[in-house]
Amino acid sequence: MNNRFRVVFIDDKRVNYEVMEAILRRSGCEIFWESNGHDGIKKIEEICPEIILLDIDLPDMGGFEICQVIKNKPTISEIPIIFMSGYVEEEFIEKGFLVGGADYISKPFKRREVVARI
């Protein structure tokens, strides 16, 4: 494994991954994509990334639930999680922080915001 900043991106929409990959590769990040929570958790345990970008709405389990699973696994619990969502209402943002998220990025992605938050 090289010394690049590794990001696990969990989102069920390939187009979101493609946009984020274009943003992050230009910033020197290595990005790993998973389209569901179960595979995402496995990938996180496998590579132990520096940061996790996590969608709230996923087909198998919600992002808030995934965050709680991650925070209960000692080997990966300290990895910062940034939630991503089109939901911009306070209740969603607040819940993201309450379950252990480090930050919250709204969709559609804005390059400068993404880079600054990561």
Before giving the answer on side chain to side chain contact (heavy atoms under 4.5 Å, CB included), spell out for Lys95 and Phe64 the whole-Å C-alpha distance, their side-chain angles and the decisive distance to 0.1 Å. CA-CA 8 Å; Lys95 185 165 185 182; Phe64 297 137; 3.6 Å; yes
[Y] side chain reached by [X] side chain, heavy atoms, under 4.5 Å:
X	Y	value
Trp33	Glu21	no
Ile31	Arg25	yes
Ile93	Tyr87	no
Ser27	Phe5	no
Asp55	Lys107	yes
Cys29	Glu50	no
Asp11	Ser35	no
Asn36	Leu58	no

So CD1 of Ile82 and CD1 of Ile105: to nearest 0.5 Å the spacing works out to 4.5 Å
To the nearest 0.5 Å, what is the distance between CD (Gln68) and CD1 (Ile81)?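 CD1 of Ile81 is found 10.0 Å from CD of Gln68.
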Is there a side chain to side chain contact (heavy atoms under 4.5 Å, CB included) between Asp103 and Phe83? Walk through the geometry before answering. CA-CA 6 Å; Asp103 210 340; Phe83 285 106; over 6 Å; no
Using a strict threshold of under 4.0 Å (side-chain N to carboxylate O), is an ion pair present between Arg14 and Glu18? yes
SB check Glu113 Arg117 (cutoff 4.0 Å): yes
Assess whether atom CD of Glu78 is packed by more than 12 heavy atoms of other residues, nucleotides or ligands within 6.0 Å. no
Taking all non-hydrogen atoms of both residues into account, name the closest pair between [X] and [Y] and its distance.
X	Y	result
Phe109	Asn16	CE1-O, 3.8 Å
Cys67	Leu54	N-CD2, 4.0 Å
Ile51	Pro80	CG1-O, 3.5 Å

Should the pair Tyr17 and Phe9 be assigned to parallel (<30°), tilted (30 to 60°) or perpendicular (>60°) ring geometry? tilted
Test side-chain contact (heavy atoms from CB on, under 4.5 Å) applied to Ile41 and Ile10, Ile52, Val69, the passing residue: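 Passing option: Val69.
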Trace of the side chain to side chain contact (heavy atoms under 4.5 Å, CB included) decision for Arg26 with Arg111: CA-CA 10 Å; Arg26 286 175 50 191; Arg111 191 184 81 65; 3.7 Å; yes
Go through Lys71 and Val99 one step at a time and tell me if the side chain to side chain contact (heavy atoms under 4.5 Å, CB included) criterion holds. CA-CA 9 Å; Lys71 294 303 178 185; Val99 298; over 6 Å; no
When the aromatic ring centroids of Tyr104 and Phe92 are compared, is their separation below 6.0 Å?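 Between Tyr104 and Phe92, the centre distance exceeds or equals 6.0 Å.
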Does Asp60 use its side chain to pair, donor to acceptor, with the backbone of Gly37 at less than 3.5 Å? yes
